[in-house]
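See structure below.
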Amino acid sequence: DIQMTQSPSSLSASVGDRVTITCRASQGISNSLAWYQQKPGKAPKLLLYATSKLGSGVPSRFRGSGSGADYTLTISSLQPEDFATYYCQQYYRSPMYTFGQGTKLEIK
Amino acid sequence: DVQLVESGGGLVQPGGSLRLSCAVSEFTFSDYSMNWVRQAPGKGLEWVSYISSSSKTQYYADSVEGRFTISRDNAKNSVYLQMNSLRDEDTAVYYCARVGIGGSLDYWGQGTLVTVSS
């Protein structure tokens, strides 16, 4: 199985800050990486797929990058609605999907 | 808008069975593969099972292999998860999710809670 490791596990930031979350796979995954946002009590929402392509209706302040086994999600200027938990997911070994453990983004 | 609506969750005793359903609308269901993903209380996301658009292939996480069965009915625009021999550790919110471009999960239902407890 491909293991996905996110860091940090939690993060405190302020509105307007730039934040970066990283995701490392246990092997190269050829950009087959997605990011999801989940708010309490809600279903996950697709933010980015194929490392850097925006999901439907996702604002451009969300950016993804990376290659090989290392990937990042950057939010360029945090908005109040961005405080949530973020998950990376590999689909290189689709459909044997694996998710990172999540990063909880909290208001400072 | 694309919609996925899960149902069938509830309280069940260890060793019991439950069948979850996911009804979809506003897209051509028979063109898409589907998945079940679960989330234990306060925990992260865990992929559970996959079914191809034609039902030709199914896959399961090791944690549910041999106990859970995924199926679909393209005429009814629905995907199902039959869960047998339930364990405490199967307690979770279960989401159905559509496979989108390249393999990401582009649409999710709102989830249905399964609680396994005596």
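Keep in mind the model is a prediction, meaning the values are calculated, not measured. Below, chain A is the first sequence line, B the second, and so on; all start at residue 1.
Annotation: side chain of B:Y60 is not in contact with side chain of B:R67 (no heavy-atom distance under 4.5 Å). Taking 4.5 Å as the limit, some side-chain heavy atom of B:V64 sits within range of a side-chain heavy atom of B:R38.
For the residue pair A:A43 and B:W108, the shortest heavy atom distance occurs at CB-CB, 4.0 Å.
Between the side chain of A:Y91 and the main chain of A:A50, a donor-acceptor pair closer than 3.5 Å is present.
Contacts with chain B were tallied for A:Q89, A:M96, A:K42; A:M96 has the most, counting heavy-atom pairs under 4.5 Å. Taking chain A as the reference chain and counting heavy-atom pairs below 4.5 Å, the highest number among B:S104, B:A61, B:G100 is found for B:S104.
Electrostatic pairing of A:K108 and A:D17 does not count as a salt bridge here, judged by no charged N lying under 4.0 Å from a carboxylate O.
Using a 30° and 60° split on the angle between ring planes, A:Y86 and A:F62 fall in the tilted class, from 30° to 60°. Note on ring orientation: taking the six-membered ring where Trp is involved, the planes of B:F27 and B:Y32 are perpendicular (angle over 60°, cut-offs 30° and 60°).
A:Y92 does not touch chain B: none of its heavy atoms, backbone or side chain, sits under 4.5 Å away. At a 4.5 Å heavy-atom cutoff, the contact between A:Q38 and chain B is made by side-chain atoms alone. Contacts of A:Y97 with chain B are made by both backbone and side-chain atoms, with heavy-atom separations under 4.5 Å.
Proximity to chain A at a heavy-atom threshold of 4.5 Å picks out B:Y95, B:V99 from residues 74-99 of chain B, in numerical order.
For B:Y50 and B:S33, the side-chain atoms include at least one donor-acceptor pair closer than 3.5 Å.
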